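Below, chains carry the letters A, B, ... as their sequence lines are ordered, and counting in each starts from 1. None of the values given here were measured: they were computed from a predicted structure.
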2 protein chains.
Amino acid sequence: MNKRITIYDLAKMLNVSPGTVSRSLNDHPSISKKTKERVIAKANELGYKSNKFAANLSKQQTNTIGIIVPKLDSYFMSSMLAGIEKTVNEAGYNLIISQSLESMEKEKLNAATLFSSSVDAILVSLAYDTSSFEHFTPFIQHNIPLLFLDRVHHIPNCATLIIDNRLAGEEATEHLIQQGCKNLLYIGGNPQRNVYSDRFKGFKDAHLKNNFTVDASYYLESDLSRDSIGMIVAHLKSTNRKIDGLFVASDTFAAHLIKALVQGGYKVPEDLKIIGFNNDPVSELVTPTLSTIDYPGYEMGVLAGQSVISQLKGSINFKLANTITLRHQLIIRESTLNNK
Amino acid sequence: MNKRITIYDLAKMLNVSPGTVSRSLNDHPSISKKTKERVIAKANELGYKSNKFAANLSKQQTNTIGIIVPKLDSYFMSSMLAGIEKTVNEAGYNLIISQSLESMEKEKLNAATLFSSSVDAILVSLAYDTSSFEHFTPFIQHNIPLLFLDRVHHIPNCATLIIDNRLAGEEATEHLIQQGCKNLLYIGGNPQRNVYSDRFKGFKDAHLKNNFTVDASYYLESDLSRDSIGMIVAHLKSTNRKIDGLFVASDTFAAHLIKALVQGGYKVPEDLKIIGFNNDPVSELVTPTLSTIDYPGYEMGVLAGQSVISQLKGSINFKLANTITLRHQLIIRESTLNNK
DNA sequence: TCCTCTTACGCAACCGATTGCATAAAAAAT
DNA sequence: ATTTTTTATGCAATCGGTTGCGTAAGAGGA
């Protein structure tokens with residue numbers, strides 16, 4: 001096992017001081033070109049790698065960014081992470097990823113770990129059941145940038161990155177109405193999460209605009225897991241209102257639902273039109289193909305990375321620019337179309 | 001911004017030495033219960049968090065594990081990562097995730113970064129075009145556990161975690177043959193990657209067992225990206241061998257292919273049977289549903305995490321137990337079925 | 001040639017925790 | 001009461017870089 005070589009080794013071999021080696025390696029202006037070259041040449045020759053922990057310790061910054069996501073195994077999350085990882089990596093940061101597994105308790109633990117790992121910044125997409133936010137105060141107290149994305153909570157001086165879920169919900173609903181649906185139902189997750197409640201707001205707004213009645217019973221709360229498909233189908237069958245349009249807050253759930261409904265004898269879109277959310281790849285593969293709202297996960301990740309980095313570099317004042325809203329887009333496919 | 005408090009602060013306030021504080025906090029046996037309690041109480045009172053970098057620097061270990069994956073936005077990858085993250089996290093480790101984006105150059109960079117981040121161990125799933133492996137030698141030289149998973153390369157003393165791709169390929173092919181296919185084609189990625197070449201080996205073995213002829217032209221190499229669907233369809237139309245069975249090394253690709261073929265007038269499974277690989281959620285959603293090989297990403301992640309941790313803790317001698325092979329399972333769905 | 005101003009580098013403190021070794025205090029043994 | 005053993009703590013070096021400050025050597029000017 002080769003001993004890892006340090007600036008002291010280099011210094012000794014080159015007959016200079018460790019300080020000079022350090023400065024050379026960091027391209028400090030007060031070192032002559034000649035010396036720099038000698039040092040760098042030797043460093044390469046010996047395969048010198050700086051010890052990040054020593055560097056972090058003295059520089060008091062870690063070049064790591066932490067992120068807490070609910071779960072990573074969805075297309076949306078993983079493409080968002082892909083975008084974040086790529087962006088922060090190019091800026092020289094490492095990304096520590098942790099999952100709350102949709103549990104506030106785990107989220108607290110993760111936050112504590114990341115805090116004690118001295119991340120330079122932290123990104124958070126909230127767990128399903130998170131209802132208090134004190135676990136983020138250490139970051140705020142220590143002025144560590146905290147950015148919420150997608151599943152957000154507004155805390156003063158914390159940036160948030162979202163799409164306009166209300167508007168997207170309105171557009172989706174409006175589309176269903178234009179396709180002739182009269183009796184709509186919204187299927188979403190925990191309304192404490194902005195993504196679900198805001199979409200329902202849009203759903204309501206579209207109703208009001210079209211002089212349709214709407215009340216809380218139009219919000220069918222579900223954990224959007226595959227196991228709940230059966231309950232939803234049962235609900236649709238048993239309800240006295242004859243539902244002819246469904247706005248589902250998740251494409252994968254919508255896709256499974258379509259499959260189940262078709263097997264259960266429903267005709268989609270003839271009997272029942274369905275629109276999803278996210279533009280997950282499955283929406284193109286299911287039959288009928290699923291109309292949806294395109295929700296740019298990767299771009300969101302890139303933007304999140306960029307904004308957190310510019311925050312770290314101090315090049316943007318986030319006290320001012322506090323909320324970034326990304327574009328979204330209605331995508332019409334077969335599951336909401338009349339003709340054919 | 002509260003100054004972060006250190007063991008020196010605690011030491012001063014409690015009139016003990018920093019060493020005592022450190023030992024108390026680490027539950028060192030040679031500290032009296034009374035002192036420990038005093039220290040811990042004070043630490044909690046002031047919200048003391050140990051500075052990991054200082055600790056890492058002196059302990060020479062970081063409690064982080066690095067992983068390089070080709071891309072993280074596939075269901076398989078993200079569930080594998082979910083499994084790894086959960087496991088190593090429970091063991092007190094952080095996970096630094098980086099993507100090679102299927103490029104060897106990026107993989108080299110990532111390896112260098114992780115090395116200089118002093119990860120305690122590294123997990124790797126190789127990029128599409130990785131053809132040399134010197135970028136891993138620093139880890140080996142420094143005795144840092146290196147575990148390959150899924151897309152592996154055999155290096156002495158490095159553990160690998162795989163499924164039996166050859167056997168899985170044989171089973172998939174055998175199934176097609178049993179369903180009456182006479183003219184098979186295998187669509188896979190770069191044969192430098194074990195996952196693709198081994199499946200083809202199984203494909204060949206099944207042919208030989210059934211006294212079918214097979215040669216290299218039965219391997220259609222593709223990058224398995226969506227853009228290549230058109231080329232594949234063209235190939236199927238133009239080839240003089242009338243293909244009636246397709247073994248595709250990726251479910252998502254197979255799903256898109258089914259969609260394209262059906263649109264192009266093919267009947268699946270009547271004209272052409274298709275079997276995929278991975279048991280991606282999409283395989284149940286596409287019409288016809290896709291037969292496939294179940295490939296347990298999450299479990300693979302858990303196992304990878306466990307084995308790397310036991311390696312770090314020294315509880316398993318990996319010089320002996322070098323390759324772990326996971327179970328896989330043939331899953332038969334509509335895309336390969338005759339009746340109906 | 002002597003003086004001033006740069007330039008290039010060395011010195012040493014510092015970041016915050018860990019840990020081997022020494023030792024004072026307390027407990028046990030004689 | 002004295003010595004030995006045990007227990008609990010302190011001291012100080014160490015991990016590997018970074019950085020403010022001081023200064024010798026070299027460049028430039030008079």
Side-chain angles (χ1 to χ4, degrees), chain A residues 1-40 42-43 46-64 92 115-120 142, chain B residues 1-40 42-43 46-64 92 113 115-120 138 142:
Chain A
M1 159 141 168
N2 305 4
K3 199 70 187 52
R4 191 167 173 141
I5 88 157
T6 71
I7 53 167
Y8 295 91
D9 301 327
L10 288 176
K12 209 170 293 172
M13 305 183 82
L14 294 165
N15 279 317
V16 295
S17 75
T20 300
V21 174
S22 172
R23 279 187 258 253
S24 299
L25 262 13
N26 291 309
D27 204 25
H28 187 101
S30 79
I31 298 289
S32 73
K33 212 176 150 203
K34 224 181 302 174
T35 311
K36 272 182 196 165
E37 281 166 2
R38 276 179 64 220
V39 171
I40 290 171
K42 199 69 177 180
L46 299 182
Y48 165 81
K49 303 279 177 199
S50 114
N51 179 319
K52 283 222 172 144
F53 293 91
N56 291 336
L57 179 58
S58 59
K59 283 198 301 198
Q60 300 288 74
Q61 60 143 352
T62 65
N63 271 79
T64 36
F115 182 75
S116 73
S117 297
S118 307
V119 292
D120 291 339
H142 289 261
Chain B
M1 161 145 165
N2 307 4
K3 197 75 184 53
R4 192 169 171 137
I5 89 156
T6 71
I7 52 168
Y8 295 93
D9 302 328
L10 288 176
K12 210 170 293 170
M13 307 182 80
L14 294 165
N15 280 319
V16 295
S17 75
T20 301
V21 174
S22 171
R23 278 185 260 253
S24 298
L25 261 13
N26 291 308
D27 202 24
H28 189 100
S30 79
I31 298 290
S32 74
K33 211 175 149 204
K34 224 182 301 174
T35 311
K36 272 182 197 168
E37 281 167 0
R38 276 179 64 222
V39 171
I40 290 172
K42 199 72 177 176
L46 299 182
Y48 165 81
K49 302 279 177 199
S50 116
N51 179 320
K52 282 219 174 150
F53 295 90
N56 291 336
L57 179 58
S58 59
K59 282 197 301 196
Q60 300 287 81
Q61 60 141 350
T62 66
N63 272 78
T64 37
T113 309
F115 183 74
S116 72
S117 298
S118 307
V119 292
D120 291 340
H142 291 261

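- Side chains of A:Glu37 and A:Lys33 form a contact here, defined as non-hydrogen atoms less than 4.5 Å apart.
- Regarding B:Ile7, its CD1 atom lies at a distance of 17 Å from the P atom of D:dT14, rounded to whole Å.
- Rounded to whole Å, the distance from CD on B:Gln60 to P on C:dT18 is 13 Å.
- For the pair A:Ile7 and A:Tyr48, the minimum side-chain heavy-atom distance is below 4.5 Å.
- Heavy atoms only, all atoms of each residue included: A:Ile40 and A:Ser24 are closest at CD1-O, 4.3 Å.
- Results of the side chain to side chain contact (heavy atoms under 4.5 Å, CB included) test with B:Thr35 over B:Leu14, B:Thr20, B:Val21 single out B:Thr20 as the only residue that passes.
- Atom NZ in B:Lys52 sits 10.0 Å away from atom OG1 in A:Thr64 (nearest 0.5 Å).
- Listed in residue order, the members of residues 14-34 of chain A having a heavy atom less than 4.0 Å from DNA chain C are A:Asn15, A:Val16, A:Ser17, A:Thr20, A:Arg23, A:Ser30, A:Ile31, A:Ser32.
- A:Arg23 and A:Ser30 get closest at one heavy-atom pair: CD-OG, 4.3 Å.
- Using a 4.0 Å cutoff on non-hydrogen atoms, the parts of residues 47-59 of chain A near DNA chain C are A:Leu57, A:Ser58, ordered by number.
- One can place CD1 of A:Ile5 at 15 Å from P of D:dC15, the figure rounded to the nearest angstrom.
- Taking all atoms of both residues into account, the shortest heavy-atom contact from A:Lys42 to A:Met13 is CE-CE, 3.9 Å.
- For the pair A:Asn63 and A:Asp120, the tightest heavy-atom approach, listed with the atom from each and the gap, is N-OD2, 2.6 Å.
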